[in-house]
Amino acid sequence: MTSALENNVYNFDRKLLARMTGALGDNKTIGKLCADLGQVFTEFLPDIFQNETGLDIEIGYGGFDTGLKSELIAKLGNGVALSDTILRNWCPDFILSCDSPIIITLMEVLLGAPPTAIEEPKPRNLSNIELDVATMVFEKIAEVLKSAVNAPGGFEPTLSRPYNASQRPAADPDVADVYAACVNVTMGLGPVLSTFSIIVPQQVLLKTNIVFPKGVGQARKAKTAWTEQLEQQVRRSAVTLEARINLQSLTLDTISRLQPGDVIPFQDIKDVRVEVNANGRDMYTCEFGRSGAKYTVRIKDTQGSENDILRHLLS
């Protein structure tokens, strides 16, 4: 009896359990949250660096990745600096990372080297002095992050001293790994383009309401509203469709003598293939038919997704 019961015990699917408990989201939802967070950094962080260092550092959203937290950290490689970070009432354990080349370049610039004269460094472990520079970078990133996630209580982030990824201790086997998202943001200074990342559990991210700084959020909302209005207008617009049917080949002599009333057969014998286009682009593959007194075409296949078609009509 005991053996039978044991044979009916199955391990619960880890991903399914995570989805059921709100610890794992779909890519569309996670991607939207990561993009919004990346947008805040893009429009807010350059001014902070400008005020602090006098440098024009270009910031851009670099996409996102998902997976187990340990796997995402491993993907960063050894040429990055890491900081274990806490933001009370938002997340008790997340990771900030930054590629070493931008830290090395920042230190050289702060010591007087012109940004345009610096050759892009190769990723490597940072020295203690360079890790001090990384501290300043992480503090500014955390400052923007705090404003973006709007955690209750207004607590300041708590950051560990930055350390090289190669020096990260092994994961505690008694602590369960969690599904996380890695938000990537590019940093450009002179010829150097690097990336910093925020690795945060998806369970935390899914409960986060991204807040845009004053002015930035309003401009973004206005732009989004305009884009949505334009898309809706396109969806309502009338588009002229043309159907093309291949006819049987005829000689030039026969074509030159065609008269009203003459008949030219379709090339296809059974199901007549019809290509339907709009604005010069083929969009549907159809078959020829008839409904009552009207001739019709029945759609059999599409030439691209709904978004592809909309992009073509907008262009």
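One-based numbering along the sequence shown.
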Residue pair Q202, I30: steps toward the side-chain contact (heavy atoms from CB on, under 4.5 Å) verdict: CA-CA 8 Å; Q202 290 192 30; I30 295 296; 3.6 Å; yes
To the nearest 0.5 Å, what is the distance between OG on S97 and CZ on R168? 10.5 Å
Does K140 have any salt bridge (charged side-chain N to carboxylate O under 4.0 Å, His left out) partners at least two apart in sequence or in another chain, and if so, which? E52, E143
Is any side-chain heavy atom of I59 closer than 4.5 Å to one of V185? yes
Rounded to the nearest 0.5 Å, how far apart are CE of M107 and CD1 of I118? 10.5 Å
Donor on one side chain, acceptor on other, D26 and T29, under 3.5 Å: yes
State, yes or no, whether a side-chain contact exists between S100 and P121 at a heavy-atom distance under 4.5 Å. no
Side-chain heavy-atom pair L82, L76 within 4.5 angstrom cut-off: yes
T66 pairs by side-chain contact (heavy atoms from CB on, under 4.5 Å) with which of L205, N27, L24? N27
So, do T302 and M283 sit near enough that their side-chain heavy atoms are less than 4.5 Å apart? no
Do the side chains of I199 and F94 join up, straight or via other hydrophobic residues, at under 4.5 Å, putting them in one cluster? no
Identify, with sequence neighbours excluded, every residue that meets salt bridge (charged side-chain N to carboxylate O under 4.0 Å, His left out) alongside D177. none
Output for pair (D268 CG, Q248 CD), nearest 0.5 Å, gives 11.0 Å
Can you see which heavy atom on V40 is nearest to which on A148, and at what distance? CG1-CB, 3.9 Å
side-chain hydrogen bond (donor to acceptor under 3.5 Å, both in side chains) involving N78 - partner list, sequence neighbours excluded: none
Is any side-chain heavy atom of W90 less than 4.5 Å from a side-chain heavy atom of T208? yes
S127 versus E130, side-chain donor and acceptor atoms under 3.5 Å: yes
When you compare the side chain of D93 with that of I86, does any pair of heavy atoms fall below 4.5 Å? no
Path from Y295 to I264 over hydrophobic side-chain contacts below 4.5 Å: yes
To the nearest 0.5 angstrom, please state how far the CE atom of M136 sits from the CD1 atom of I103. 7.5 Å
Pairs flagged by ring-ring contact (aromatic ring centres under 6.0 Å, His included) wherever residues 157-202 is involved - sequence neighbours left out: F41-F196
Roughly how far apart are I57 CD1 and T186 OG1, rounded to 0.5 Å? 11.5 Å
Identify the heavy atoms of A181 and C34 that sit nearest to each other, and give their distance. CB-SG, 4.1 Å
With a 6.0 Å cut-off (strictly less than), is the heavy-atom count around CD of Q167, excluding the residue itself, greater than 12? yes
More than 12 heavy atoms of other residues, nucleotides or ligands under 6.0 Å from CD1 of I255: yes or no? yes
With a 4.0 Å cut-off on N to O distance, would you call D84 and R161 a salt bridge? no
Can you name the nearest heavy-atom pair linking L131 to A81, along with the distance? CD2-CB, 4.3 Å
Is T254 reaching over with its side chain to a backbone N or O of L250, donor-acceptor style, under 3.5 angstrom? no
Check: N277 and Y284 side chains under 4.5 Å, non-hydrogen atoms: no
Going by the rule salt bridge (charged side-chain N to carboxylate O under 4.0 Å, His left out), which residues pair with D56 if we only count those two or more places apart in sequence or in a different chain? none
With sequence neighbours left out, write down each residue that passes side chain to side chain contact (heavy atoms under 4.5 Å, CB included) with V297, or none if nothing qualifies. V274, V276, C286
Sequence neighbours excluded, the answer for side-chain hydrogen bond (donor to acceptor under 3.5 Å, both in side chains) partners of N125 is S166
Step by step, work out the side-chain contact (heavy atoms from CB on, under 4.5 Å) result for F49 and V137. CA-CA 9 Å; F49 279 130; V137 172; 4.3 Å; yes
Under 3.5 Å, is there a donor-acceptor pair between the side chain of N51 and the main chain of D47? yes
On a heavy-atom basis, the closest approach of C91 and V200 is SG-CG2, 4.2 Å
Residue pairs meeting side chain to side chain donor-acceptor pair (under 3.5 Å), one or both in residues 192-201, sequence neighbours left out, come to N184-S197
Salt bridge flag under 4.0 Å for residues E287 and R273: no
From K32 NZ over to D36 CG, what is the distance, rounded to the nearest 0.5 angstrom? 3.5 Å
Which pair of non-hydrogen atoms, one from P265 and one from V263, has the smallest distance, and what is that distance? CD-O, 3.9 Å
If you count the non-hydrogen atoms of other residues, nucleotides and ligands that lie under 6.0 Å from CD in E58, is the total more than 12? no
Compare every heavy atom of P101 with every heavy atom of K122, then report the nearest pair and how far apart it is. C-CG, 4.3 Å
Any side-chain heavy atom of P162 sitting closer than 4.5 Å to one from F138? yes
Under the ring-ring contact (aromatic ring centres under 6.0 Å, His included) test, which residues partner F155, sequence neighbours left out? none
Hydrophobic clusters here meaning ILVMFWY residues chained together by side-chain heavy-atom distances under 4.5 Å, can you tell me if L45 and L193 are in one? no
Residues T158, T85; criterion side-chain contact (heavy atoms from CB on, under 4.5 Å); working and verdict: CA-CA 6 Å; T158 303; T85 312; over 6 Å; no
Only one of I95, I141, L159 clears side-chain contact (heavy atoms from CB on, under 4.5 Å) with S83; which? L159
side-chain hydrogen bond (donor to acceptor under 3.5 Å, both in side chains) partners for D65, two or more places apart: K75
Does one hydrophobic cluster hold both L96 and F64, with members joined at side-chain heavy-atom distances below 4.5 Å? yes
My understanding is that only residues two or more places apart in sequence, or in another chain, count here; which of them pass salt bridge (charged side-chain N to carboxylate O under 4.0 Å, His left out) with D253? R257
Can any side-chain N or O of E275 pair as donor or acceptor with the backbone N or O of T285 at less than 3.5 Å? no
By side-chain hydrogen bond (donor to acceptor under 3.5 Å, both in side chains) - contacts of R88 (at least two apart): none
Is there a continuous path of hydrophobic side-chain contacts, each under 4.5 Å between heavy atoms, that joins I198 to V178? no
